[in-house]
Amino acid sequence: MFTAFVTPLFLLILSNWVRSSPLSSSESQHINWKLGSTSRLQAPISLKMVSTNMTVVDSEIDVTNGWVDPRILGGQLLDFTTRHKGEPLNVIISGRSDPYILSEGGFSTYAKSLGFSSECFGLHYGNIHQANLGDGNERQDEQLLARQYYFTRPGGPVLGTCWESLAGGNHFRAWKQNGTMADTGAWFLGVSKEEHSGKHHMIIPDGYNIGRDFLVAQAVSSPTHWNSIWWQTEVEWVEGLLEPGNDGVNHEIEQDGFVAVLTVTRL
Ligand SMILES: *[C@@H]1O[C@H](CO)[C@@H](O)[C@H](O)[C@H]1NC(C)=O
Ligand SMILES: *[C@@H]1O[C@H](CO)[C@@H](O)[C@H](O)[C@H]1NC(C)=O
């Protein structure tokens, strides 16, 4: 009789403990990150804590952080898409990352490990954007355009990427912060998700946040690899570099102002 009473009580306590234990909550967070690859990823609030202190110090520019706020030397976190509008540079690959991925070739390989490819039989869609990363180079044309590929099969990513160009999807443009005034080696990415090409590469509603979160979710969910090279990526969310909202933003699409700073380590 005693055990008949104690067992259900014990099970109740046990099940409450399991539900409230950190193990099960980190498990559900893990699932959220995974879901992020197919739907809007809510970046965990706890990760969105870093904010920059915008006070400009008049001494030398400190590059030890692996990237420099472009605004210090007259740059900005919106690219130049049209004369008056720009798209947010919402992901930074820190210059403290694996030196290989800071090169152009290495970076396209890393991008492939995230499901993006820069090759599409030489086809090019969309106009060239410019950006000023405040490194003394002034405005530069985009140095890389990469698109998400959807399927792999013999002949693989290349075909998929061409398909993405027609079908729309996640893509990014990239610029390197390597001017002599702030030579950090960091990549600055404008990531977004767009409609199919019949719609003239319109960004979908919320397409800047969605595109960024897709790329970040791909990068941080687990180690990524291309051929036999493996990387582990960490993210830090930075607030205060980009103004949230749609002021000056191409297509007037709102974005939340968070920039994901990725540091990529080779395993
Ligand atoms: C930013 O840094 C300056 C100089 O160190 C300091 O005086 C100021 O209080 C800081 N502001 C914030 C919001 O942390
Ligand atoms: C800066 O990086 C870009 C993109 O990789 C490259 O084309 C350019 O030559 C680099 N500039 C210098 C000075 O290394």
Side-chain angles (χ1 to χ4, degrees), residues 60-81 86-149 157-158 161 165 170-192 211-212 215-216 218-219 224-227 229 231 233-235 238 241-242 250 259-266:
E60 245 174 69
I61 292 186
D62 180 11
V63 298
T64 55
N65 213 16
W67 59 279
V68 162
D69 180 349
R71 296 169 306 171
I72 297 173
L73 286 175
Q76 61 181 55
L77 275 288
L78 284 178
D79 74 11
F80 298 88
T81 311
E87 300 193 348
L89 301 178
N90 45 16
V91 172
I92 297 172
I93 313 263
S94 158
R96 291 196 340 212
S97 298
D98 170 16
Y100 175 60
I101 71 134
L102 299 177
S103 74
E104 241 171 86
F107 183 50
S108 356
T109 309
Y110 174 69
K112 283 181 188 164
S113 85
L114 306 183
F116 288 81
S117 176
S118 53
E119 298 134 30
C120 180
F121 301 127
L123 288 179
H124 183 83
Y125 285 90
N127 32 328
I128 302 284
H129 295 194
Q130 294 188 318
N132 181 352
L133 302 183
D135 56 1
N137 280 347
E138 299 303 322
R139 289 193 196 186
Q140 295 284 318
D141 286 350
E142 67 201 37
Q143 285 145 355
L144 205 91
L145 172 73
R147 296 186 174 281
Q148 181 191 359
Y149 52 81
V158 175
T161 307
S165 304
N170 294 292
H171 69 290
F172 66 80
R173 295 177 158 80
W175 292 261
K176 199 166 163 71
Q177 190 172 51
N178 63 354
T180 52
M181 312 285 278
D183 189 4
T184 64
W187 288 105
F188 282 64
L189 277 55
V191 194
S192 58
R212 175 202 59 201
L215 184 143
V216 171
Q218 294 290 101
T224 63
H225 70 106
W226 187 259
N227 293 336
I229 313 179
W231 293 280
T233 302
E234 310 222 321
V235 62
V238 179
L241 291 168
L242 254 177
N250 198 29
V259 175
V261 177
L262 304 182
T263 305
V264 183
T265 311
R266 189 148 165 187

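In listed order, ligands and their atoms are each counted from 1.
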- Message: Among residues at least two apart in sequence or on other chains, which ones pass salt bridge (Lys or Arg N to Asp or Glu O under 4.0 Å) with Asp98?
- Response: Arg266
- Tyr110 and Thr233: side-chain donor and acceptor closer than 3.5 Å? yes
- Message: Tell me which residues fall inside the under-4.0 Å heavy-atom shell around ligand 2.
- Response: Glu104, Gln143, Lys176, Asn178, Trp187
- Evaluate the side-chain proximity of Leu144 to Phe107: yes if any heavy-atom separation is below 4.5 Å, no if none is. yes
- Who pairs with Thr184 by side chain to side chain donor-acceptor pair (under 3.5 Å), at least two apart in sequence or on another chain? Gln177
- With sequence neighbours excluded, tell me which residues meet side chain to side chain donor-acceptor pair (under 3.5 Å) with Asn90. none
- Go through the steps to decide whether Asn250 and Asp79 satisfy the test side-chain contact (heavy atoms from CB on, under 4.5 Å), and finish with yes or no. CA-CA 9 Å; Asn250 198 29; Asp79 74 11; over 6 Å; no
